[in-house]
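Atoms considered below: every heavy atom in the structure, side chains included; atoms not considered: hydrogens, waters and symmetry mates. All values derive from a computational prediction rather than experimental measurement.
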Amino acid sequence: MASFSAAIANLSSISPTQTSLYPRHRLFQSQCRPFFLSRSSHFLLKDLTLPRGRKTPDTVICASFTDVTSNVSLEEKLPPKGETWSVHKFGGTCVGTSQRIKNVAEIILKDDSERKLVIVSAMSKVTDMMYALIHKAQSRDESYISSLDAVLEKHSATAHDILEGDSLASFLSKLHNDISNLKAMLRAIYIAGHATESFTDFVVGHGELWSAQMLSLVIRKKGVDCKWMDTRDVIIVNPSGSNQVDPDYLESEQRLEKWYSLNPCKVIIATGFIASTPQNIPTTLKRDGSDFSAAIMGALFRACQVTIWTDVDGVYSADPRKVSEAVILKTLSYQEAWEMSYFGANVLHPRTIIPVMRYGIPIMIRNIFNLSAPGTKICHPSVNDNEDGQNLQNYVKGFATIDNLALINVEGTGMAGVPGTASAIFGAVKDVGANVIMISQASSEHSVCFAVPEKEVKAVAEALQSRFRQALDNGRLSQVAIIPNCSILAAVGQKMASTPGVSASLFNALAKANINVRAIAQGCSEYNITVVVKREDCIKALRAVHSRFYLSRTTISMGIIGPGLIGSTLLDQLRDQASILKEEFNIDLRVMGILGSKSMLLSDAGINLTRWRELREERGEAADLEKFVQHVHGNNFIPNTALVDCTADSVIAGYYYEWLRKGIHVVTPNKKANSGPLEQYLRLRALQRQSYTHYFYEATVGAGLPIVSTLRGLLETGDRILQIEGIFSGTLSYIFNNFKDGRAFSEVVAEAKEAGYTEPDPRDDLSGTDVARKVIILARESGLKLELSNIPVESLVPEPLQVCASAQEFMQELPKFDQVFTKKQEDSENAGEVLRYVGVVDVINRKGVVELRRYKKDHPFAQLSGSDNIIAFTTRRYKDQPLIVRGPGAGAQVTAGGIFSDILRLASYLGAPS
């Protein structure tokens with residue numbers, strides 16, 4: 001008991017000069033004499049809970065507040081109000097160092113407003129340090145003493161940097177007195193092992209007092225009429241539960257008038273965060289309290305503007321940590337800022353907006369570290385507010401998310417039409433103190449779904465199970481289901497209410513990103529549309545909707561498989577077009593990985609395509625298809641993923657179905673998937689039709705020619721295909737276009753191989769298998785259910801040469817069979833015809849064939865040159881004169897161009913301007 005008595009004696013012996021910082025809250029003065037506890041006593045040491053077994057002293061020390069204004073008769077001088085006042089608020093980061101305090105002073109001095117009120121927070125980290133002091137003292141951790149010394153040292157060092165002479169001496173004297181008082185209080189808390197909220201609020205509020213005094217002295221040193229204000233003398237609040245307080249504006253206004261009558265000046269430096277109760281008990285404004293202080297003071301002075309200085313350039317359209325293309329919004333309405341704040345955007349706390357909205361006072365969000373940035377203005381919207389553009393972002397201002405939620409679904413037929421069901425549900429939720437984030441209910445009243453923080457879901461579920469036990473047992477309610485691991489995505493915009501199609505655009509973007517929506521909520525005001533998605537889909541969903549509303553480019557995360565001749569040409573084309581696509585078409589194609597047969601190159605931000613070959617040599621790692629796909633698709637900062645398969649590998653093609661199911665788009669010239677087993681093809685096409693995942697394969701048939709798209713266009717417009725006939729091989733087109741004038745067949749084949757038209761082994765072209773695959777693809781696209789084995793193929797490889805061990809051996813032996821081919825060429829020439837190697841889809845007879853045919857010299861197929869392909873569509877509409885598609889059908893450039901065209905078509909489907 002002796003140690004506690006000593007602490008009390010220490011507190012009661014503090015001199016009046018030790019509390020001169022607090023003209024009204026003289027907590028520890030020599031005239032604070034012992035008196036018995038009464039109803040009017042408030043800031044009590046009795047609030048210190050004593051350890052078990054210790055007797056409460058008969059006489060309790062109380063610090064009484066001396067109301068200096070009630071004892072002084074002064075001529076009332078009311079503070080001027082209105083446009084002459086501007087309010088600034090500087091957070092802890094803004095006043096975190098001595099240099100930053102000087103910078104703040106410069107900003108204040110450059111403001112040409114007639115009168116200025118400046119709200120300051122504690123120096124950076126100081127409030128946390130003060131809370132730590134309380135925690136350590138309560139825990140009986142004696143290191144609170146050294147921690148308090150660190151607080152003293154921080155402010156003392158800062159004062160020495162920015163103050164001098166009498167100003168420095170005055171501040172340091174007050175600072176040391178404060179530290180002595182705090183040390184005595186913390187000692188008492190240490191002994192009691194507990195501190196009440198009032199004690200805690202009093203201790204942590206010192207940081208604001210010190211920073212306000214230092215800043216006011218710096219400004220006064222410049223010859224400016226400046227006073228500092230302890231806002232506990234002015235701002236009066238009432239606790240409202242849930243860690244919130246409500247300002248008493250009438251009482252606060254009266255106290256402001258009294259304060260100003262004693263301290264008339266042009267510049268006021270006021271403390272943020274702290275206030276008093278009507279009983280003069282120190283308290284705080286809780287979360288984001290300094291912003292709230294600025295808004296309250298702005299309203300009390302009817303200021304022309306409140307500027308919140310922070311370390312960002314303004315309010316972003318989405319969290320820039322999640323959406324790298326997020327943009328700064330020039331303007332927001334009060335309602336939009338309110339909605340975005342509620343849903344977790346780093347704007348302002350919703351309650352900060354209330355005081356200024358009442359008087360139409362605009363709030364500016366500015367960056368103290370980038371004064372050239374104009375910031376974001378929060379105000380009433382003008383009638384023709386088009387500052388943020390004419391597109392969809394004019395209606396949807398931004399997006400915000402809340403993570404770590406769970407959905408609770410209360411469902412049952414017995415709910416329909418029963419009054420009071422919803423009241424009972426949310427009454428049970430209220431009883432456990434849970435916070436409901438959003439509510440969704442079907443009009444049938446069959447179910448009610450709502451979101452709560454995940455940490456509260458167990459208690460809520462148990463309360464509902466208990467409350468509705470009878471209804472669950474007798475079947476009136478079927479279930480109380482929990483859906484964990486959820487996140488909320490909210491789209492916010494005041495003009496959504498008057499704009500048709502906003503919701504459709506939002507859900508279309510989510511669907512195309514393969515995002516499943518679990519619940520939806522939208523108020524009739526349409527200031528926000530809220531959806532619940534899986535937590536792992538949240539960032540992807542945010543990126544998708546942000547991109548859809550033109551707040552960022554249509555971005556696709558791409559993986560290129562097979563950087564051979566076709567793949568490397570495609571990468572070079574992507575490199576050459578990248579800047580044009582970004583600037584003119586708002587398309588950002590980011591190659592996140594390149595996979596070869598032995599090595600792969602991965603990047604988190606996108607591979608520099610000007611150096612991809614060198615980077616692959618320098619930073620390449622062992623090829624791993626699973627890791628490659630996970631890397632390209634797992635980048636949640638990009639909502640859309642596309643894998644481009646430039647191989648001819650059937651193993652790679654076997655993964656297409658799995659990729660499409662995961663929401664990965666596939667673009668390929670690889671024929672193996674669509675010409676493989678019929679069942680595999682039908683599964684792929686069915687999956688493509690029922691999902692928003694795209695599968696493009698134009699280059700599988702005509703390289704860069706629009707063969708598949710032409711066929712689809714005919715079918716989709718109601719035409720009927722009768723026959724498709726064509727020269728599908730650029731290699732064989734070149735060979736037979738040049739097999740004339742007495743040249744040997746083997747000579748022409750060697751020439752084609754030398755020119756790069758054939759595969760490394762020409763037998764791959766001469767066998768006709770490649771043409772057969774193209775025929776089977778077109779047959780299946782036309783509705784025929786044929787296998788590759790159903791297509792008769794006339795091979796141009798002489799049977800004895802099919803077993804040659806190498807391409808070199810084949811080329812050496814081929815001249816032995818020149819006479820066979822020469823005989824066929826001479827026969828066709830004598831008949832006025834030419835030889836052409838063609839593939840035919842006979843839709844009427846439901847069959848296909850690949851063979852060497854003869855055509856009259858006036859036939860379109862006889863007019864080809866070089867390696868051109870030609871395809872003739874005979875249909876019900878084009879029966880007398882077939883529809884002809886003709887052009888280059890071989891070569892890396894045209895094939896890569898066809899793949900590139902499919903990639904751009906994918907971008908268009910995903911929201912890029914067409």
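- Looking at K221 and S167, their side chains never bring a donor and an acceptor atom within 3.5 Å of each other.
- Put simply, the residue from Q244, H349, R351 that forms a side chain to side chain contact (heavy atoms under 4.5 Å, CB included) with K286 is R351.
- When all heavy atoms are compared, the tightest approach of K266 to W85 is O-CZ3, 4.3 Å.
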Exercise. Please walk me through it: do E339 and K397 pass salt bridge (Lys or Arg N to Asp or Glu O under 4.0 Å)?
Worked result: CA-CA 11 Å; E339 294 280 356; K397 281 295 183 73; over 6 Å; no
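- Using modelled atom types, no side-chain atom of S173 and backbone atom of S170 make a donor-acceptor pair closer than 3.5 Å.
- Of the candidates E257, E253, E251, R255 forms a salt bridge (charged side-chain N to carboxylate O under 4.0 Å, His left out) with just one, namely E251.
- In the displayed structure, K81 atom NZ is contacted under 6.0 Å by more than 12 heavy atoms of other residues, nucleotides or ligands.
- In this structure, R115 is not positioned above the aromatic face of F301 in the sense of NZ or CZ being under 6.0 Å from the six-membered ring centre and within 45° of the axis.
- Between the side chain of E336 and the main chain of V492, no donor-acceptor pair closer than 3.5 Å is present.
- Remark: side-chain polar atoms of T376 are not paired, donor with acceptor, to backbone N or O of G314 under 3.5 angstrom.
- In summary, the side chains of N238 and D246 do not present any donor paired with an acceptor at a separation below 3.5 Å, with no hydrogens or angles considered.
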Problem set entry | Residue pair V306, K89: steps toward the side-chain contact (heavy atoms from CB on, under 4.5 Å) verdict | CA-CA 8 Å; V306 173; K89 177 264 175 177; 5.6 Å; no
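- Between the side chain of T271 and the main chain of T231, a donor-acceptor pair closer than 3.5 Å is present.
- Residues W309 and L371 approach most closely at CZ3-CD2, 3.5 Å, considering heavy atoms.
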Problem set entry | Verdict with supporting geometry, D311 and R100, salt bridge (Lys or Arg N to Asp or Glu O under 4.0 Å) | CA-CA 12 Å; D311 56 0; R100 290 179 181 178; over 6 Å; no
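- For the side chain to side chain contact (heavy atoms under 4.5 Å, CB included) criterion with I363, the lone passing option out of D291, I378, L332, T307 is I378.
- Counting heavy atoms from C-beta outward, P247 and F292 have side chains that approach closer than 4.5 Å.
- Between the side chain of S293 and the backbone N or O of F273, at least one donor-acceptor pair lies under 3.5 Å.
- Applying the 6.0 Å contact sphere to CD of E197 captures no more than 12 heavy atoms from other residues, nucleotides or ligands.
- Under 3.5 Å, the side chains of S98 and D161 contain a donor-acceptor pair of N or O atoms.
- No donor-acceptor pair closer than 3.5 Å links the side chain of S156 to the backbone N or O of L152.
- Between the S252 side chain and the I236 main chain, a donor and an acceptor come within less than 3.5 Å of each other.
- The backbone N or O of H194 sits nowhere less than 3.5 Å from a side-chain atom of Q138 that would complete a donor-acceptor pair.
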Problem set entry | Intermediate values then yes/no, side-chain contact (heavy atoms from CB on, under 4.5 Å), M130 and V151 | CA-CA 8 Å; M130 303 304 283; V151 172; 4.1 Å; yes
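- The two atoms that bring M357 and Y334 nearest to each other are SD-CB, 3.3 Å, heavy atoms only.
- Using a 4.5 Å cut-off on side-chain heavy atoms (C-beta onward), L186 and Y190 make no contact.
- F202 and H206 have perpendicular rings, their planes meeting at more than 60° on a 0 to 90° scale where under 30° would count as parallel.
- When atom types are taken as modelled, the side chain of S317 and the backbone of V327 share a donor-acceptor pair closer than 3.5 angstrom.
- Without hydrogens or angle criteria, Q213 side chain to L209 main chain gives a donor-acceptor distance under 3.5 Å.
- Counted within 6.0 Å of NZ on K455, heavy atoms from surrounding residues, nucleotides or ligands total 12 or fewer; the atom is thus considered open.
- Annotation for K136: atom NZ counts as buried by contact number, over 12 foreign heavy atoms lying within 6.0 Å.
- Annotation for S143 and S146: closest pair O-OG, 2.9 Å, computed over non-hydrogen atoms.
- What you find for D111 and S86 is that their closest heavy atoms are OD2-OG, 2.7 Å.
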